[in-house]
J.: 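This is the structure I have questions about; it appears just below.
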Amino acid sequence: MSTATELTAPAEADTARVTTYVKAYNEAVAQTMRENEDVFVIGEDVAGYGGVFHMYDGLLEEFGPRRMVDTPIAEMGLIGLGVGAAARGLRPIVDIMFMDFLAVALDQVVNQAAKMKFMYGGEVKVPMVIAVAYGAGVSAGAQHSQSLETWLAHTPGLKVVMPSNAYDAKGLMVSAVRDDNPVVFMLNKVLLGARGEVPEEVYEIPLGQAAVPREGDDVTIVAFGRMVVEALKAADILAESGVSVEVVDPRSVQPLDTATIVKSASKTNRILVVHEAVTFGGIGAEVAAQIQEEAFDYLDAPVLRIGAPFTPVPFSTPLEKAYVPDADRIVAGARRLLERG
């Protein structure tokens, strides 16, 4: 699942060591398992095969079959086991392989994991991570390619994380495992081979803290997950014609760092929101609404959204390529914003 895409680590990185997005995630899992014996992994093919995307390679050899547990194809049972184990004090990492398969276990996620702490008055915690691979771009078809973050971010009690690079994949996963709440950790399939600078030591990136991988003055692009890569490409293209672009990477959808987005809006006065999910009802609509409430007076043009069309993800490679937003569409959107106001 390798890709030629490369990302430069954010300024927090203090080492020149380069590794891939998937290996950074693997390292976060291993390091949190070493520091806390209550952390364990369950899922389909996570032990013997290392996961369908090799996210858990080598962990069975180090931690053994009691902490790396292969399971039947039973998503509802997996989430239910995770909720029960977390409620009793363990810290499960439940691998659901493709994000689309969460639909099979949505009751367990939305009505059990998300609500248990609230319904027991805080006396019961559910410290579990639900790890999912999401996104189009690998011709996996309509049932294996969706980006469903808005479903989950709409549910109080859940946290939803979308790392866009290797550095963030490690730091956010460490924070997710240590968090006392259920966290849905979304790993983008196309980015699994993306390389970046990642420290060897354990480090955390707080959930709900956005990054600004590129500063600019003329327009802000708020991009989620893989779209951060496309936004940075678009910023390079626009710079050739003298347009200064600021890119904001929220890193998590829930909690959302509205303050950083508003600060950028007050600086550039134009906001473009980009996500891979279907545009209608997507997280871009929420970002646009919050900007309208918090930063309306700063805007020189309406907030513009770019997302996928309202259709299932095509299997055909050319159609899939047309379906997913890319740098060219982002450039066109930014130019539309600049022409207004």
Side-chain angles (χ1 to χ4, degrees), residues 21-47 50-57 59 63 67-71 75-99 101-102 105-106 108-110 112-117 124-134 148-149 151-153 155 157-163 168-188 192 202-209 225 251-255:
Y21 181 104
V22 69
K23 288 182 179 178
Y25 171 83
N26 176 286
E27 190 169 78
V29 174
Q31 290 177 337
T32 52
M33 290 180 76
R34 290 179 196 128
E35 74 178 14
N36 189 340
E37 292 184 355
D38 290 335
V39 180
F40 68 101
V41 179
I42 56 173
E44 300 158 18
D45 296 323
V46 297
V52 68
F53 299 110
H54 299 285
M55 297 190 296
Y56 307 99
D57 282 356
L59 300 186
F63 299 104
R67 298 181 66 194
M68 292 297 304
V69 184
D70 278 337
T71 68
E75 285 79 13
M76 187 180 295
L78 278 172
I79 301 295
L81 189 158
V83 172
R88 297 299 294 168
L90 300 178
R91 291 185 176 269
I93 299 169
V94 183
D95 186 89
I96 297 294
M97 196 181 295
F98 291 93
M99 185 175 201
F101 301 165
L102 275 182
L106 210 56
Q108 298 283 4
V109 177
V110 170
Q112 305 304 326
K115 295 179 173 61
M116 188 171 286
K117 183 177 180 180
V124 176
K125 298 177 182 178
V126 187
M128 65 183 292
V129 176
I130 302 172
V132 297
Y134 80 96
L148 301 172
E149 63 275 2
W151 274 17
L152 303 161
T155 303
L158 293 179
K159 296 185 178 183
V160 184
V161 178
M162 297 180 72
D168 287 359
K170 179 175 176 178
L172 291 169
M173 184 58 180
V174 171
S175 293
V177 174
R178 291 175 175 175
D179 200 286
D180 284 336
N181 301 282
V183 179
V184 180
F185 200 89
M186 298 174 58
L187 294 141
N188 187 271
L192 292 176
V202 180
Y203 61 93
E204 285 192 17
I205 296 174
L207 306 185
Q209 183 180 96
R251 300 201 280 205
S252 59
V253 181
Q254 184 61 259

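Side chains included, hydrogens not; waters and symmetry mates left out as well; all remaining heavy atoms used. Residue indices begin at 1 and follow the sequence shown.
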J.: By side chain to side chain contact (heavy atoms under 4.5 Å, CB included), which residues pair with V132, not counting sequence neighbours?
T.: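 Only I96, M99, L102, I130, V184, M186 meet the side chain to side chain contact (heavy atoms under 4.5 Å, CB included) criterion with V132.
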J.: Please step through side chain to side chain contact (heavy atoms under 4.5 Å, CB included) for the pair L172 and L207, ending with a clear verdict.
T.: CA-CA 7 Å; L172 291 169; L207 306 185; 3.9 Å; yes
J.: Going by the rule side chain to side chain contact (heavy atoms under 4.5 Å, CB included), which residues pair with V124 if we only count those two or more places apart in sequence or in a different chain?
T.: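 Counting only residues at least two positions away or on another chain, V124 forms a side chain to side chain contact (heavy atoms under 4.5 Å, CB included) with A87, M116, Y120.
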J.: Measure the CD-CG distance between Q108 and L78 for me, rounded to the nearest 0.5 Å.
T.: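 Rounded to the nearest 0.5 Å, the CD-CG separation comes to 10.5 Å.
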J.: Using side chain to side chain donor-acceptor pair (under 3.5 Å) as the criterion, list what pairs up with E27, not counting sequence neighbours.
T.: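 Side chain to side chain donor-acceptor pair (under 3.5 Å) check on E27 returns R17, K170.
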J.: Sequence neighbours left out, what passes salt bridge (Lys or Arg N to Asp or Glu O under 4.0 Å) with K125? Give chain and number order.
T.: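 Only D180 meet the salt bridge (Lys or Arg N to Asp or Glu O under 4.0 Å) criterion with K125.
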J.: Search all heavy atoms of P127 against all heavy atoms of A86 and return the closest pair with its distance.
T.: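 That closest heavy-atom pairing would be CD-O, 3.4 Å.
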J.: Looking at residues at least two apart in the chain, or sitting in another chain, which of them share a side chain to side chain donor-acceptor pair (under 3.5 Å) with E149?
T.: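 For E149 the side chain to side chain donor-acceptor pair (under 3.5 Å) partners, ignoring immediate neighbours, are S147.
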J.: Tell me, please, which residues at least two apart from V29 pass side chain to side chain contact (heavy atoms under 4.5 Å, CB included).
T.: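 For V29 the side chain to side chain contact (heavy atoms under 4.5 Å, CB included) partners, ignoring immediate neighbours, are Y25, M33, V41, Y56, L59, I93, M173.
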J.: Which residues pass the salt bridge (Lys or Arg N to Asp or Glu O under 4.0 Å) test with D70, sequence neighbours left out?
T.: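 Not a single residue meets the salt bridge (Lys or Arg N to Asp or Glu O under 4.0 Å) criterion with D70.
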J.: Give me the atom names and distance for the closest heavy-atom approach of V177 to R91.
T.: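 Nearest pair, atom of V177 first, then R91: O-NH1, 3.1 Å.
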J.: For a 4.5 angstrom cut-off between non-hydrogen side-chain atoms, does L158 reach Q254?
T.: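 Of all side-chain heavy-atom pairs linking Q254 with L158, none is under 4.5 Å.
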J.: With side chain to side chain contact (heavy atoms under 4.5 Å, CB included) as the criterion, how do N188 and Y21 come out once you've worked through the C-alpha distance, each side chain's angles and the decisive distance to 0.1 Å?
T.: CA-CA 9 Å; N188 187 271; Y21 181 104; 4.2 Å; yes
J.: Tell me which one of V94, T155, L152, V83 satisfies side chain to side chain contact (heavy atoms under 4.5 Å, CB included) with V109.
T.: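 Between V109 and the candidates, side chain to side chain contact (heavy atoms under 4.5 Å, CB included) is satisfied uniquely by L152.
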J.: Please name all residues satisfying salt bridge (Lys or Arg N to Asp or Glu O under 4.0 Å) with E37, sequence neighbours left out, ordered by chain then number.
T.: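 Per chain and number, E37 pairs via salt bridge (Lys or Arg N to Asp or Glu O under 4.0 Å) with no residue.
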J.: Tell me, please, which residues at least two apart from K159 pass salt bridge (Lys or Arg N to Asp or Glu O under 4.0 Å).
T.: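 K159: salt bridge (Lys or Arg N to Asp or Glu O under 4.0 Å) contacts with D179.
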J.: Looking at A113 and P182, what are the two nearest heavy atoms and their distance?
T.: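 It is O-CG, 3.4 Å.
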J.: Are K115 and V110 close enough that some pair of their side-chain heavy atoms sits under 4.5 Å apart?
T.: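 K115 vs V110: side chains touch.
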J.: Which residue pairs pass the salt bridge (Lys or Arg N to Asp or Glu O under 4.0 Å) test when at least one of the two sits in residues 78-90, sequence neighbours left out?
T.: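 Salt bridge (Lys or Arg N to Asp or Glu O under 4.0 Å) check on residues 78-90 returns no pairs.
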J.: List for me each residue that meets side chain to side chain contact (heavy atoms under 4.5 Å, CB included) alongside E204, sequence neighbours excluded, and say none if there are none.
T.: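 For E204 the side chain to side chain contact (heavy atoms under 4.5 Å, CB included) partners, ignoring immediate neighbours, are V174, S175, R178.
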J.: Counting distance only, does the side-chain N/O of R67 pair as donor-acceptor with the main-chain N or O of V39 below 3.5 Å?
T.: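 Side chain of R67 to backbone of V39, a donor-acceptor pair under 3.5 Å: yes, one is there.
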J.: Which atom pair, heavy atoms only, marks the closest approach of V183 to A176?
T.: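 Scanning both residues, the minimum pair turns out to be CG1-CB, 3.8 Å.
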J.: Please enumerate all residues that pass ring-ring contact (aromatic ring centres under 6.0 Å, His included) together with F101, with sequence neighbours excluded.
T.: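 Here the qualifying residues are F98, H144.
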J.: If you compare all heavy atoms of S252 against all heavy atoms of G208, which two are closest, and at what distance to 0.1 Å?
T.: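 Looking at all heavy atoms of both residues, the shortest contact is OG-N, 2.9 Å.
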J.: What pair of heavy atoms forms the shortest contact from M55 to D95, and how long is it?
T.: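 Scanning both residues, the minimum pair turns out to be CE-OD1, 3.1 Å.
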J.: Go through it in stages, so that I can follow the logic: the residues are E44 and T71, the test is side chain to side chain contact (heavy atoms under 4.5 Å, CB included), and I'd like the CA-CA distance, side-chain angles, deciding distance and then a yes or no.
T.: CA-CA 5 Å; E44 300 158 18; T71 68; 3.9 Å; yes
J.: What distance separates N36 CG from L90 CG, expressed to the nearest 0.5 Å?
T.: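 Going from the CG atom of N36 to the CG atom of L90 covers 9.0 Å.
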